[in-house]
Amino acid sequence: MVLLTPVVLFFLLITLRNTISLEDDDIDYRLPITVLPTHYKLKLTPYFEERNFTFDGEVEITVNATTEANSITLHYDDMEIIGDPVVESLNGLQDLEVVNTTYDNVTQFFRIELDENLEVGNEYVIKIRYVGNLNDDDMAGFYKSSYNTSEGERRWLAVTQFEPTDARRAFPCFDEPALKAKFQVNIARTEDYDSVSNMPKEKSSDPDPNIGGRIWDSFRETPPMSTYLVAFVVSDLKNLSTADGKYGIWLRSEVLAQGKYALSIAPTLINLLENYTEVLYALPKLDQIAVPDLVFWAMENWGLVTLGERSVIHREGESRATKKHETLLLVAHEFAHLWFGDLVSPKWWNFLWLNEGFATYYEYMISAKVESEWNIEEEFVVDVHQAALHEDSLNSTHPITCDVSSPEEINSIFDSVSYDKAGSVIRSMEHFLTYETLRKGLSKYLKIHSYGNTEADDLFESLNNQQKEDKILPNDMDVKTIMDSWTLQPGYPVIQVQRINGTIRLVQERFFLKGHSDNQNETLWWIPLSYTMSRNSDFTNTTPKAWMKAEPQITLVNDIEENEWIILNIQSTGFYRVNYDQHTWSLITKHLISPYYKDIHVINRAQILDDVFSLSRAGIVNYSTAFNISAYLMDEMHPIPWSSYTNRISFIRRQLFGTGAYDNFKSYVLILLHKLYDSFGFKFSTDDSYMTKMIQPTVIHWACTMGHKDCVDKAIEMFSEWKSKPDVNIIPEELQDVVYCTAVRNNTEMWEFLWDQYQEMNDTDEKWDIFGALSCTDDDTLSKRYLDWSASENSQDHELEAAVFFVMQNSPNGIDKVLNYIRENFAKITEFVDDDDLNDVLGSIITMIGTYITTNEQAEKLKEFLADNNLTDQAEENNWIPETMDADIMWTEKNIDEISHWLENFVIRNKN
């Protein structure tokens, strides 16, 4: 059982919902620019129950006229404009009269028509009064949030989330990232609440009787910044701060002390980033604010980073060992944005990767400097690099630099390509340019473009100038030419390694997970080639020894011996896969299953596993080759290769479930786990290394899931002890999900106990673990009860989609349970889900179902369901059916005999 963390689950659901679809080419979503904003003054008064969750707003926008035109166009959404806007001149000219206003619901353009033309170079102030809505349906714009106190009282908050295109839901504005301006924010709040924004609070007024005794908080003016980075929160949260007051964290009073770790790492992270970039953090303060019901994401608002509460709280001595690790990575990602995104922002959203790629890479690289013993740099390869290789191998992928226009298109590229692939190619740049050249080039890039906006060529120019100064690349190569091949075309190459009479020839072609494509050889990349051979092997030097310069093939080595292996892509620094000829695969396998397997770097061991199982799934390599290599894991004790292996083997487990090969598959996995389980299974010590703490949950999870008797017995024993004394949960937090799941799988009484715990639980962290584990039951009646709850008014946001995912992931025959449930309860689901959200929720559910389908019978049931409910056309138009579904069905038919035969022989050979 692998229970996804809420962050990962969210991105899965969002990715499933937001497949890119082309909008009407005739619609232009870019603002017609007749003025440029320079300054905003905002006044906002939020109301909760007393005025049905609305807010009053006033905005004054100072603009500079750039065109002699008689209109100004800006954005707003989901608000009512009160009266006509006012346009005043600041240069002694006569004010302009507003003769008409129009609004376009599609583009969200608000056009103000004037009686006279604007005078180029003149400054004007646009004044607009309006009423907005504190919605909570999608947690975007200026929205309402809430939490329950320990006494059961519901407390409200007003929170912002503007990226990418939702500042326009809080105030009329020029809502494009390149239209930077300064912002001065004023918030009216009741005396029992507080407010916080990007900048320090400058003053607070006396209670104003005209607005119910509310107090006006006025904040200092920001530097020039994009609208999507403006933030403000009104709440009764309390704060901790550092001694100098520069860093703070805001949480519910009941968990305030649990935010100490997140606060403690803030000065260290900022200091590391300042030293790396040679650019000081630009604002006078930096707050983190933990929103109680924000489960799935975080946001890099300049000076006010918003995060989900469960992501930053840590109970010393109680929280799982890896919780600090998760908090560190999350905070580091958002803090990296303070330079890459906040100080320097993209000119348009097609360059989103200039934000997210750098934040993804540096969340790992900077965190590795904070906690040097945690092997965080190695984790990047599995968590980010290999995840991106998988997603980018689908036909539905897109280039890193991707043309987008509408808000829907913009939202759709907040995905693995913009985050993980971009971060991976940045890591590749570090290795072919060298660490110091990349660092110095980025420092110059940030200094040149501070408070401004850039596109990819600006980055490449700074890096190329630096590499020329440092004499890194040959004279016939430049950064832009290399990186355009990685950022302007989708996908990535697989390098075919061919031995021919003592030489090594390399051939590149695009890799598709579904196998060969007609345009497979049309795309070529500039590929940095690092490699080592068994004679004098060296896995430390990642500098390229050669390049494939957008050419289909090259000869790499002329003198390789017959019994000598070669391994390409040292430490997986290049973004590509490697497929060796069968003889080289055999030599690598032989070395791995020898006592000397550690001669091969741990990252390359992980890379080999990820490559060979992915190549097998694509039909390029026989599965026997992949399984032969996996046999070396009987001696592997490092968590990184095991993570690569379990990520890929989970697909095979799902495909084999219900077939005659499944019992041998379980035996095979348990044989591989034998040494690991003897070392780490349910053995705990305060002296355990971080490495042990990382690998132990994986070992216990797979052992219990595969039916290891000792593992199952100990999990049930531990659960029973907790059940007998429920006030004290003795189950270590990092094992709670697997212990819960194992205990309730075949035991109704234990399921009922866990269900009661879920109903009573206030701790959002543990509550989520319990919610996932309740899906593990074998009992069809309990599974239906679980799904019924998730489709009722008692559930929380996203719980229906999460329940569907968990049942398919954790319950035997979960896909059949979910298929039957939605067919029998579709009317109930449509009644439960808000009309505005129905398309998104159905899309998520159908896509997840399609991902788990393994048989033609299941596929026919899904198609019948769509047809019976008139959803077939909608599913096709919105790409609800994943492209891998048909291939996964064919996979079983194609591979089952070979895999069954291999598993049977392996189990026979390795029986004790």
Worksheet item: Less than 4.0 Å between a side-chain N and a carboxylate O, is that true for Asp138 and Arg169?
Response: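 Answer for the salt bridge query: yes.
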Pair [X]-[Y], side-chain donor/acceptor within less than 3.5 Å:
X: Glu221; Y: His39; answer: yes
X: Thr190; Y: Asp192; answer: yes
X: Asn64; Y: Thr38; answer: no
X: Ser218; Y: Asn186; answer: yes
X: Asn198; Y: Thr222; answer: no
X: Asp244; Y: Thr242; answer: yes

Look up atom [atom1] in [X] and atom [atom2] in [Y], then write down how far apart they are to the nearest 0.5 Å.
X: Glu254; Y: Glu151; atom1: CD; atom2: CD; answer: 6.5 Å
X: Asp236; Y: Tyr193; atom1: CG; atom2: OH; answer: 5.0 Å
X: Ile128; Y: Met79; atom1: CD1; atom2: CE; answer: 9.0 Å
X: Arg155; Y: Arg252; atom1: CZ; atom2: CZ; answer: 12.5 Å

Do the ring planes of [X] and [Y] sit parallel (below 30°), tilted (30 to 60°) or perpendicular (above 60°)?
X: His314; Y: Tyr261; value: tilted
X: Phe183; Y: Tyr40; value: parallel
X: Phe358; Y: Tyr362; value: parallel

Fill in: Greater than 12 external heavy atoms within 6.0 Å of Lys238's NZ
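No, the 6.0 Å shell around NZ holds no more than 12 heavy atoms from other groups.
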Item to complete: Answer yes or no: is there a side-chain heavy-atom contact under 4.5 Å between Phe109 and Thr102?
Response: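 They are not in side-chain contact.
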Fill in: Test salt bridge (charged side-chain N to carboxylate O under 4.0 Å, His left out) applied to Arg168 and Asp77, Asp175, Asp78, the passing residue
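Only one of Asp77, Asp175, Asp78 forms a salt bridge (charged side-chain N to carboxylate O under 4.0 Å, His left out) with Arg168, namely Asp175.
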Discussion item. The test is side chain to side chain donor-acceptor pair (under 3.5 Å); show your working for Asp84 and Thr101 and say whether it passes.
Written reply: CA-CA 8 Å; Asp84 285 333; Thr101 61; 4.6 Å; no
Worksheet item: Centroid-to-centroid, Trp156 to Phe53, below 6.0 Å?
Response: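 For Trp156 and Phe53, the ring centres are under 6.0 Å apart.
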Worksheet entry | Aromatic centroids of Phe335 and Tyr281 separated by under 6.0 Å |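 Distance test on ring centres: not under 6.0 Å, no.
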